Structure formats: structure tokens, C-alpha cells
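Notes follow the structure.
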There are 2 protein chains.
Amino acid sequence: MQLSKSSQYAIRILSYMANHKDSKVMTATELSEKLDIPYKFLTKIMTDIVKAQLVISIRGRDGGYAFAREPSEILINDILEIFHDAIEDEQCVLGIGFCNGITKCALHDQWMEPKMLMQKMFRESTLEKIAGQGCKI
Amino acid sequence: MQLSKSSQYAIRILSYMANHKDSKVMTATELSEKLDIPYKFLTKIMTDIVKAQLVISIRGRDGGYAFAREPSEILINDILEIFHDAIEDEQCVLGIGFCNGITKCALHDQWMEPKMLMQKMFRESTLEKIAGQGCKI
DNA sequence: TTCAATTACTACTTATGGGTAGAAATTAAA
DNA sequence: TTTAATTTCTACCCATAAGTAGTAATTGAA
Ligand code: SF4
Ligand code: SF4
């Protein structure tokens with residue numbers, strides 16, 4: 001019942017970057033140190049995020065990472081999708097899924113509401129909104 | 001964002017047993033076949049559930065598993081605790097946890113509500129209630 | 001007592017997520 | 001052109017979850 005480390009790290013990294021928009025690019029070394037994320041793991045994750053076109057990477061000296069689009073245009077859900085961690089509509093708390101209306105279990109109806117709230121949280125929260133609240137993570 | 005297979009299977013097994021209270025004991029073979037759960041994995045899980053004293057086991061001929069207490073006295077959360085899958089009060093959607101009120105992130109407040117709903121779902125749903133609704137899983 | 005039916009135990013294998021190592025590619029500046 | 005600072009790529013290693021195999025222990029009945 002938790003996000004994968006990759007998603008957790010990714011959210012923290014991009015939140016941190018959104019909170020420091022003054023510095024145009026941030027290096028993997030800085031992010032790794034400030035956020036206490038293993039350097040090698042961080043660069044692996046960042047490569048995925050670059051491929052998903054949420055950020056761009058600048059290689060070579062004075063290189064680093066910068067946003068490809070405005071943080072106001074990036075949703076938490078965009079990050080989760082990269083790591084296959086987004087909550088699907090059919091996703092079942094028991095991992096069975098696709099029960100029809102007749103055979104559904106007693107947990108089904110109770111699962112709908114928290115699921116929708118989490119989907120809403122992920123699908124409507126932008127990085128800018130998070131940064132705006134002075135996120136310290 | 002999903003329960004472990006062990007928890008998923010355990011909920012399904014005990015729900016099935018609660019739905020068939022007429023037959024006093026159920027064998028691992030029957031449960032495995034009816035619920036399509038690998039036999040060897042099922043017996044491993046059941047041993048844990050027996051140790052947690054939710055069910056008793058009867059060894060030898062005509063043996064099997066039976067409830068140690070009434071299904072009305074067993075909560076989903078009791079099952080989740082066996083496999084360390086229960087949602088703790090401090091549990092954080094980002095896996096960081098223990099943020100104080102000042103440094104909390106923007107997701108924190110939005111996380112509270114779905115978390116509480118899930119805790120409520122697990123802590124207040126009894127096996128009997130589930131069985132009463134004709135659970136087919 | 002012997003047998004067959006059962007769970008429990010020990011130990012292994014496989015799959016996946018998390019993490020690491022080293023070298024290659026790229027780039028700005030000296 | 002050389003160098004140092006950076007990301008990227010390929011290939012691993014480690015820990016944990018998921019699943020399997022074989023055998024021991026238990027028990028009711030023939
Ligand atoms: S009815 Fe129960 S098992 Fe089926 S999809 Fe809904 S929550 Fe999952
Ligand atoms: S403030 Fe954010 S990171 Fe901290 S415990 Fe709450 S949800 Fe997790």
C-alpha cells in the first residue's frame with residue numbers, strides 16, 4: 001500500500017526542483033546530496049523522466065536537468081505513469097479487478113471512495129501547487 | 001499501491017471459509033482448487049494465519065482448517081497485520097513519514113482522507129459482513 | 001499396526017524492485 | 001586541443017516477495 005521508491009523519489013526530486021526554479025538547471029550530484037537519494041539510482045530515474053519529457057537534460061560541463069514544461073503543467077500523475085504506479089480506474093484493492101456488479105465483494109464499494117480521492121489527488125495536484133506551499137521534502 | 005499477494009489471498013481464503021460455515025473444516029486442497037491459489041503457497045500462508053490464531057488447524061486424516069473465532073470477530077485488519085500490510089497511522093503516501101506540521105508537503109492533507117477511509121474499511125469490516133453479502137471472490 | 005490423508009517444516013528457486021559499478025558520450029571552458 | 005564536469009548506457013549485485021519441492025509429523029480409520 002505504498003508508492004514505489006522510484007515514484008517517491010521522483011516526486012521529491014521534481015518538487016525540489018520546482019521549489020528552486022531560480023537556478024535554471026540542477027545537477028544530479030546536487031539533487032542526490034540535498035535529497036539524500038543514492039546518486040546512481042537518481043540518475044537512472046532521471047533518465048526515465050527525461051524520456052517521458054517532463055524534464056530536459058543538458059549533458060557536459062554546466063549541464064544538469066531543467067523542466068521541459070512549466071511545473072504548473074506537470075501533474076503528480078504524470079510522474080506516477082512513468083513508473084507504472086498510477087491508480088487505474090479498474091484497479092482493485094485485492095488485485096483481482098474486473099469484478100462485475102453481481103459478484104463484487106463487500107470491500108468493493110468501500111474501496112471506490114478512497115481510490116477516487118487518491119486518483120483526484122494525483123491527477124489534480126500540480127508541481128507548482130506543491131512548490132507553492134513550501135514543500136520541504 | 002496494492003496489497004501483497006499474501007494479504008490478497010488470505011482475505012479471499014477467509015472470506016470463502018466464512019461463506020461456507022456449514023462445512024466445519026476445509027482442506028488446503030479444496031481451498032487451493034476453489035480459489036485457484038497455488039497449493040504450496042496457500043499452505044504456507046495458512047500456517048501464518050494459524051500462528052496468528054485466526055484459524056485453527058486439524059492435522060491428519062479428516063483434518064483441515066476451521067475458524068478459531070467467529071467470523072464476526074475477525075477484521076480485515078487482523079489479516080493484514082499478519083503480513084505487515086496494515087496501514088499505520090503515520091504511514092505516508094511518499095514513504096517518508098513523520099513530517100511535522102510545519103514541513104509537511106502539499107500531498108499530506110489530501111492523503112489523510114483516503115488513508116482514513118482505507119483504515120476504516122480494513123478496521124471495521126468483519127469477515128461475517130463480507131460473507132453476508134455473498135462474496136464471490 | 002498399518003495406511004492414507006492431512007498440516008508443518010526446511011530449503012530451495014524464480015521474479016521483481018532497489019541499488020551499484022564502470023565506461024562511453026557530450027559539452028563548455030581553459 | 002585537452003580537460004573536467006556532466007548525463008547516458010550496459011551490465012551487474014542485493015534484498016525481498018512469490019512460488020515450489022520434499023519430507024516430517026500428526027491423526028483417524030481399516
Ligand atoms: S469486487 Fe472486490 S475483488 Fe472484485 S474488483 Fe471489487 S474490490 Fe476487487
Ligand atoms: S508531509 Fe508529505 S512527505 Fe511528509 S509524511 Fe505527509 S505526505 Fe509524507
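Computed from a predicted model, the values in this text were never measured in an experiment. Convention: sequence-line order gives letters A, B, ...; per-chain numbering from 1.
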Base, sugar-phosphate, or nothing for A:T27, non-hydrogen atoms under 4.0 angstrom? sugar-phosphate
Quick one: salt bridge (charged side-chain N to carboxylate O under 4.0 Å, His left out) pairs with a partner in residues 37-49 of chain A, sequence neighbours left out? none
Is a side-chain N or O of A:Q91 found less than 3.5 angstrom from the main chain of B:M1, in a donor-acceptor match? yes
If we count only N and O atoms by modelled type, under 3.5 Å, do the side chains of A:E124 and A:N77 hold a donor and an acceptor together? no
Are B:I49 and B:F83 close enough that some pair of their side-chain heavy atoms sits under 4.5 Å apart? yes
So, does A:D85 use its side chain to make a donor-acceptor pair with the main chain of A:S4 at under 3.5 Å? yes
Within residues 57-66 of chain B: residues closer than 4.0 Å to DNA chain D (heavy atoms): B:R59, B:G60, B:R61, B:D62
Nucleotide interval of DNA chain C bounded by contacts with chain B (heavy-atom cut-off, under 4.0 Å): C:dA5 to C:dC9
I'd like to know if the side chain of B:Q119 and the backbone of B:I87 have a donor-acceptor N/O pair within less than 3.5 Å. yes
Any side-chain hydrogen bond (donor to acceptor under 3.5 Å, both in side chains) pairs touching residues 55-74 of chain A, not counting sequence neighbours? A:K21-A:E70
Using a cut-off of 4.0 Å on non-hydrogen atoms, how would the nucleic acid contact of A:K5 be classed: base, sugar-phosphate, or nothing? sugar-phosphate
Partners meeting side chain to side chain contact (heavy atoms under 4.5 Å, CB included) with A:T27 (sequence neighbours left out): A:T29, A:E30
So what does B:S4 hit on the nucleic acid, given a heavy-atom distance under 4.0 Å: a base, only sugar-phosphate, or nothing? sugar-phosphate
Quick check: on DNA chain C, is the nucleotide nearest B:V50 upstream (toward 5') of the one nearest A:F41, or the reverse? Name the residue that is more 5'. B:V50
With a strict under 4.0 Å distance from non-hydrogen atoms of chain B, what nucleotide opens and what nucleotide closes the contacted stretch of DNA chain D, reading 5' to 3'? D:dA18 to D:dG28
B:I37 versus B:R12, closest heavy-atom pair with distance: CG1-NH1, 4.1 Å
Are B:K115 and B:D109 within salt-bridge range, i.e. N to O under 4.0 Å? no
Going by side-chain contact (heavy atoms from CB on, under 4.5 Å), B:L31 matches just one of B:D36, B:I13, B:T43, B:I45. Which one? B:I13
Regarding B:F83, tell me which of base, sugar-phosphate or nothing describes its non-hydrogen contacts under 4.0 Å with the strands shown. nothing
